[in-house]
Q: 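Sharing a structure, written as structure tokens. Questions coming.
All values below were derived from every heavy atom in this structure, side-chain atoms included, with hydrogens, water molecules and symmetry-related copies excluded.
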Amino acid sequence: CDITSHRHMRNMTGLRRNALIAIHHELKKLSGPGPSAWINHVRRRSSLLSSRIAEETFSEAEQCYVQQGQEALQKSISILSDQDGWQTEIETVNGDKVMSKVLPDIGKIFKLEVMLEQQTDDLYEELVDNMEQMGEWNPNVKQVKILQKIGQDTMITHEVSGETPGNVVGPRDFVSVRCAKRRGSTCFLAGMSTQHPGMPEKKGFVRAENGPTCIVMRPSADDPNKTKFTWLLSLDLKGWIPKTVINRVYSQTQ
């Protein structure tokens, strides 16, 4: 986050509006053949199309983080709305599926689609409101700390990864900007790597990068007590690790 670029910051209010316009256009393109049901649902509820950004007073650095979070959400929606080119990595007997594809500007990305036996509101509370307790139940996460909150939608987090089986991948940490939004019954949690003065790189950890990443949760059309859960994962763990090992770790992690 380059807080020295004052000209860029002066234009940030306009950029925030532009981000919403861009999201609007991405969703509008999905009105053609084959858009997924959740996109249509979001459009029907006027979700991201007509959302209004609260006129909050942010510092220049805070506005930069807000813009990054919206960019992560915009990119994620664009990726998830494109149904072409996905290859199955793992598929379980109950229909849980991990897929992947390669994007020119990002590299290999992974998408998990599952049906969870939980209500969407409960999942949102656990993943967003109780984010710092994630390490208590997620073996892939050792610790999550919220470094800064900006308004209702944006936060900066520091995450330390859990150990992989056989310690194939050594200790990694991430600093991310996250954008959490609820539109109707659909919930989004998008993110991407950033920098924060409160968390420089730590000795003994490789600072990895992520993004765009996004979790989309919406009630099942058949049973409102269940949630259709979609997770887009894009990581760069850095270091000298063979791609075959990395890809296996990603899919198994999801």
Side-chain angles (χ1 to χ4, degrees), residues 1 15 18-40 42-43 47-49 64-65 67-91 96-114 140 157 159 161 169 172 174-181 186-195 206-218 228-254:
C1 186
L15 287 174
N18 289 342
L20 288 183
I21 292 172
I23 293 172
H24 165 85
H25 289 315
E26 289 295 340
L27 292 177
K28 188 175 181 180
K29 284 189 285 185
L30 301 175
S31 60
S36 57
W38 71 270
I39 286 289
N40 282 331
V42 171
R43 295 182 76 244
S47 64
L48 300 176
L49 300 180
C64 183
Y65 287 129
Q67 173 67 15
Q68 288 180 346
Q70 292 176 350
E71 179 184 351
L73 179 58
Q74 175 190 339
K75 286 184 175 180
S76 297
I77 288 174
S78 179
I79 293 169
L80 289 172
S81 64
D82 185 356
Q83 302 299 310
D84 297 331
W86 293 97
Q87 304 293 322
T88 300
E89 296 275 340
I90 296 174
E91 185 170 8
D96 296 350
K97 185 183 297 185
V98 175
M99 293 167 283
S100 69
K101 71 176 175 179
V102 177
L103 296 179
D105 56 335
I106 297 177
K108 194 165 188 178
I109 59 175
F110 294 81
K111 177 175 68 172
L112 169 73
E113 292 184 344
V114 298
N140 301 305
T157 63
E159 179 180 323
S161 65
V169 179
R172 258 62 175 175
F174 303 82
V175 174
S176 306
V177 56
R178 299 175 186 257
C179 177
K181 288 186 179 292
T186 303
C187 303
F188 303 85
L189 178 60
M192 64 188 297
S193 285
T194 191
Q195 297 179 4
V206 175
R207 178 62 53 85
E209 295 181 358
N210 65 77
T213 65
C214 188
I215 290 173
V216 183
M217 297 171 284
R218 64 193 185 281
K228 180 64 183 295
F229 185 96
T230 303
W231 177 20
L232 179 71
L233 177 66
S234 171
L235 291 180
D236 184 352
L237 293 179
K238 302 296 184 180
W240 298 96
I241 307 174
K243 287 186 178 297
T244 53
V245 174
I246 289 295
N247 291 338
R248 185 171 68 250
V249 168
Y250 290 166
S251 57
Q252 290 176 349
T253 294
Q254 287 194 296

Q: Return the CD to CD distance between Gln68 and Gln195, rounded to the nearest 0.5 Å.
A: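 That separation rounds to 9.0 Å.
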Q: Go through the structure and list residues passing side-chain contact (heavy atoms from CB on, under 4.5 Å) with Lys101, not counting sequence neighbours.
A: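 Counting only residues at least two positions away or on another chain, Lys101 forms a side-chain contact (heavy atoms from CB on, under 4.5 Å) with Asp82, Trp86, Leu103, Ile109.
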Q: Between atom CD of Glu209 and atom OG1 of Thr194, what is the distance when rounded to the nearest 0.5 Å?
A: 10.5 Å
Q: Which residue, Leu233, Leu80, Ile79, forms the side chain to side chain contact (heavy atoms under 4.5 Å, CB included) with Lys111?
A: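 Considering Leu233, Leu80, Ile79, a side chain to side chain contact (heavy atoms under 4.5 Å, CB included) with Lys111 is found only for Leu80.
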Q: Ser193: what forms a side-chain hydrogen bond (donor to acceptor under 3.5 Å, both in side chains) with it, not counting sequence neighbours?
A: none
Q: Taking side-chain hydrogen bond (donor to acceptor under 3.5 Å, both in side chains) as the test, write out the residues that go with Ser176, two or more places apart.
A: Asn210
Q: Once you round to the nearest 0.5 Å, how far does CG of Leu235 lie from CZ of Phe110?
A: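 Answer rounded to 0.5 Å: 9.0 Å.
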Q: Distance from Arg218 atom CZ to Thr230 atom OG1, nearest 0.5 Å?
A: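 Here the rounded value is 5.0 Å.
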Q: Look up atom CD in Glu159 and atom CZ in Phe174, then write down how far apart they are to the nearest 0.5 Å.
A: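 It is 6.0 Å, given to the nearest 0.5 Å.
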Q: Under a 3.5 Å distance rule, please check whether Ser76 uses its side chain to pair with a backbone N or O of Ala72 as donor and acceptor.
A: yes
Q: For Val114, check side-chain contact (heavy atoms from CB on, under 4.5 Å) against everything at least two apart and list the hits.
A: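 Partners of Val114 by the side-chain contact (heavy atoms from CB on, under 4.5 Å) criterion, ordered by chain and then number, come out as Asp96, Leu112, Leu116, Phe229.
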Q: Could you go through the side chain to side chain contact (heavy atoms under 4.5 Å, CB included) check for Met192 and Val177 one step at a time?
A: CA-CA 6 Å; Met192 64 188 297; Val177 56; 3.7 Å; yes
Q: I'd like to check the side-chain contact (heavy atoms from CB on, under 4.5 Å) partners of Cys187; sequence neighbours left out, ordered by chain and number.
A: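 For Cys187, the residues satisfying side-chain contact (heavy atoms from CB on, under 4.5 Å) (neighbours in sequence not counted) are Thr120, Tyr124, Arg182, Met217.
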Q: Can a donor-acceptor pair be found, under 3.5 Å and without considering hydrogens, that links the side chain of Arg172 to the backbone of Leu237?
A: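 Yes; judged by distance alone, with no hydrogens or angles, the pair exists.
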Q: Apply salt bridge (Lys or Arg N to Asp or Glu O under 4.0 Å) to Lys228 and list each qualifying residue two or more places apart in sequence or on a separate chain.
A: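 In terms of salt bridge (Lys or Arg N to Asp or Glu O under 4.0 Å), with neighbours along the sequence ignored, Lys228 is linked to no residue.
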Q: So which heavy atom on Leu232 is nearest to which on Pro212, and how close?
A: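 Nearest pair, atom of Leu232 first, then Pro212: CD2-O, 4.0 Å.
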Q: Rounded at 0.5 Å granularity, tell me how far NZ in Lys108 sits from CD in Glu89.
A: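 Interatomic distance, Lys108 NZ to Glu89 CD, rounded to 0.5 Å: 4.0 Å.
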